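In this text the structure is predicted, and so the values were computed from the model without any measurement.
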Amino acid sequence: MSVITLQSVKKDFGIKEILKDANFSLDTTDKVGLIGTNGSGKSTLLKMIAGLEPVDSGQILVNSGSKVIYLPQQPDLDENRTVLEQIFADSGEHMALVREYEELSDKLAHYPEDSQLMSRLSAVMQKMDATGSWELETNAKIILTKLGISDFDTVIGTLSGGYRKRIALATALLSEPDVLLMDEPTNHLDALSVEWLQSYLNRYRGALFLITHDRYFLDRVTNRIIEIDRGDIYTYSGNYSYYLEKKALAEESAVSSQRKHQGVLRRELEWLKRGPKARSTKQKARIERIQAMRQTEFKQAQGKVDISTASRRIGKKVIEINNISKAYNGRTLIKDFTYEFSPEDRIGIIGGNGAGKSTLMDMITGRVQPDSGNVDIGSTIHIGYFDQHSEELLTALNENQRVIDYIKEEGEFVQIADGTKITASQMLERFLFPGNQQYAPIHKLSGGEKRRLFLLRVLMSVPNVLILDEPTNDLDVQTLAVLEDYLEDFSGSVIVVSHDRYFLDRTVDTIFAFEEGGIMRQYPGNYSVYLDYKKAEEAAQQEAANKEKSNKVEAEKPASKPQDSEPKKRRRMSNWERKEFEQLEGKIAQLEDEKSEAEKALLNVSPGNYSQVQKLYEQVEALKQAIDTATERWLELAEMDS
């Protein structure tokens, strides 16, 4: 059954047509990945479905009663709320109950004899049982923990953008909507959190419509791909791998059809040039057909970023890091790290959020000084630094500057790989910025287009050491594929900070992993090989722990004595003990019934009856103790009887 339907939807921003005539539907079981080049309109489409962006024409129909939740790239959160308050902000009564329960519990810890607090707590607990608030709070804490957030009372205003995105993600997941719209949900998540989210969405029962650059994630979560290509919508019934296969076949077919069309048209034009003298009805029809063929337009294969900048000579000495350390607010991020980079290095740097990855890059580039040690850069080295905050820098400093002027600051002409020189405008076209966009201000670009523009400027500087700090954030999958191909042939050293498993697998051959206490550990191979190493290490550690535990148990066993070689005979029950054993079974069942009745009575006490609450509470506790004591005795006697 369809929950969302688009009928002849059109959207045009003037300098770019986003949607020409979009028609598609989203079913209840769909898990759709939305792809397309940066600026093609992916985020705009999600906003239109969410009702945040108007359509120019056509309509978007949402099934009556369906709950639709939209997770943007930059969520807007209340900075004065705590993490839990934000999570429950739209939960109405749930939030009020959870908050009151937490407050009452805290007060009772200080004033345990306060009967009024006890009575109020009982009433709140009853309501939480009735509304399912217990389960909601538990699920919230589980999801937040899986996303790397453990302090639930932290105020939002003190958190980074990455942590805010995680809180917004947790809020969206907990709302359990019929349709979940997600724009780059894996941004700012480490690999473990991405793995968990991937597993969670595989179990998610609602419809899913998401944009992501993470191709492993896209491949393993989606069952359908929708592509936006220059205003047109194309649907593929399968995951990302299926899309790639069918897309390649479709492009081959389109090229073949165009080639055949051009061959027929050429022959027909030659016939027309011969100037047939007779103008029969049949010949007139043929002439009209030729005219129609001449007007037929074929959509060219989708443009791809063309990265073919010139290379710069690199010497033997690249970057030498000598025993550097760095700490902030008493927390050590990097401790005694030493490494000498070579011209052929392809290094991937991984670690949790806040581990110190960007700090290390900033120390290498001289933006931040180490507390101790030093970084020595070779005399021939020119570093190109693709900063993960490039979009923010472009927006803050150059938002009204024209695209072409921003690029011309690096140079009017660019030397490309084959040695020829092209203009800045031509280079922009190779990076999919057509003429009308080149003279638009930077703030007119999408987030992904700004990232692509910054990448172009970095590459135009002809670096021989490339530092890429989270390069996959907001870059479309097509641009990432081209960038990966470029890095394979790049004649210099590459340092990549990323949580994108696919990108790391394609671009690096050594992993530097941040570990506890600022220690940097090296692993040979790409990210998948690193995972294999970690699994083997964990298995070996577990085996060693089990062996140590076994040895400890053996060592603690008392030395056996000759007379103890035969097992002792178990003492049999006396007649009195057997009678006690038989009576205990009924006694335990009776105590369980009494406890159940007392708990029900406690929940039904009228507000204000403090003495009754206290009496029933004490009765429940006494019954619990009696049940435990009777059960222990029953087990002791049962051992004799076995």
Answer yes or no: is there a side-chain heavy-atom contact under 4.5 Å between [X] and [Y]?
X	Y	value
W196	L147	yes
V32	L210	no
M182	L201	yes
I35	I225	yes
I143	L174	yes
I156	T82	no
I211	L46	yes
Y328	L333	yes

_Would S8 and D21 count as a side chain to side chain donor-acceptor pair (under 3.5 Å) here? Give the steps._
CA-CA 5 Å; S8 301; D21 186 28; 3.3 Å; yes
Show, in sequence, the C-alpha distance, side-chain angles and deciding distance for V375 and I319, and conclude whether the side chain to side chain contact (heavy atoms under 4.5 Å, CB included) test is met.
CA-CA 7 Å; V375 177; I319 300 171; 3.9 Å; yes
So which heavy atom on [X] is nearest to which on [Y], and how close?
X	Y	result
N80	D78	N-OD1, 2.9 Å
P177	I69	CB-CG1, 3.5 Å
S2	T5	CB-OG1, 3.9 Å
I233	A22	CG1-CB, 3.8 Å
K42	G36	NZ-O, 2.9 Å
V194	H499	CG2-CD2, 4.5 Å

Keeping [X] on the side-chain end and [Y] on the backbone end, is there a donor-acceptor pair under 3.5 Å?
X	Y	result
D405	Q401	no
D345	S493	no
E184	H213	yes
S193	L189	no
K450	K444	no
T365	M361	yes
K31	Y204	yes
T423	Q426	yes
E449	S446	yes
D178	G206	no

What's the separation between atom [atom1] in [X] and atom [atom2] in [Y], rounded to the nearest 0.5 Å?
X	Y	atom1	atom2	answer
Q437	E429	CD	CD	11.5 Å
I364	I495	CD1	CD1	4.5 Å
L173	L71	CG	CG	8.0 Å
D500	R506	CG	CZ	11.5 Å
F454	L459	CZ	CG	10.5 Å
F490	T507	CZ	OG1	12.5 Å

Test side-chain contact (heavy atoms from CB on, under 4.5 Å), reference L456, set R430, M427, E410, output is M427
From the list T472, N526, I350, V497, side-chain contact (heavy atoms from CB on, under 4.5 Å) with L504 holds only for I350
> Going through the distances and angles, do V458 and L466 end up as a side chain to side chain contact (heavy atoms under 4.5 Å, CB included)?
Replying inline: CA-CA 9 Å; V458 168; L466 262 178; 4.0 Å; yes
Check [Y] with [X], please: is the shortest side-chain N to carboxylate O separation under 4.0 Å?
X	Y	value
D214	R501	yes
E53	K11	yes
E227	K247	yes
D30	R224	yes
R164	E79	yes
K357	E470	no

Using distance alone, with no hydrogens and no angle criterion, decide if [X] and [Y] have a side-chain donor and acceptor under 3.5 Å apart.
X	Y	value
D183	Q73	yes
S241	D219	yes
T154	D151	yes
S528	D505	yes
S358	D469	yes

Might you work through the side chain to side chain contact (heavy atoms under 4.5 Å, CB included) test for I228 and L45, ending with a clear yes or no?
CA-CA 10 Å; I228 302 180; L45 177 54; 4.0 Å; yes
Worksheet item: Run the ring pair (Phe, Tyr, Trp, His ring centres under 6.0 Å) check on Y236 and Y242 step by step: do they pass?
Response: CA-CA 8 Å; Y236 301 83; Y242 178 87; 7.5 Å; no
Exercise. Could you please spell out the steps behind the side chain to side chain donor-acceptor pair (under 3.5 Å) verdict for S425 and Q438?
Key: CA-CA 7 Å; S425 177; Q438 293 180 19; 2.7 Å; yes
Side chain to side chain contact (heavy atoms under 4.5 Å, CB included) evaluation trace for V496 with F503:
CA-CA 9 Å; V496 177; F503 191 82; 3.8 Å; yes
**Within 45° cone and under 6.0 Å: R367 NZ/CZ vs Y385 ring** = no
| query | Under the 6.0 Å and 45° cation-pi test, does K408 pair with Y406? | reply | no
Kindly check if the number of other-residue, nucleotide or ligand heavy atoms within 6.0 Å of [atom1] ([X]) is above 12?
X	atom1	result
F413	CZ	no
N436	CG	yes
K67	NZ	yes

- [ ] Might you work through the side chain to side chain donor-acceptor pair (under 3.5 Å) test for T479 and D476, ending with a clear yes or no?
- [x] CA-CA 5 Å; T479 300; D476 57 75; 3.0 Å; yes
message = Can you classify the ring geometry of Y502 versus Y216 as parallel (below 30°), tilted (30 to 60°) or perpendicular (above 60°)?
response = perpendicular
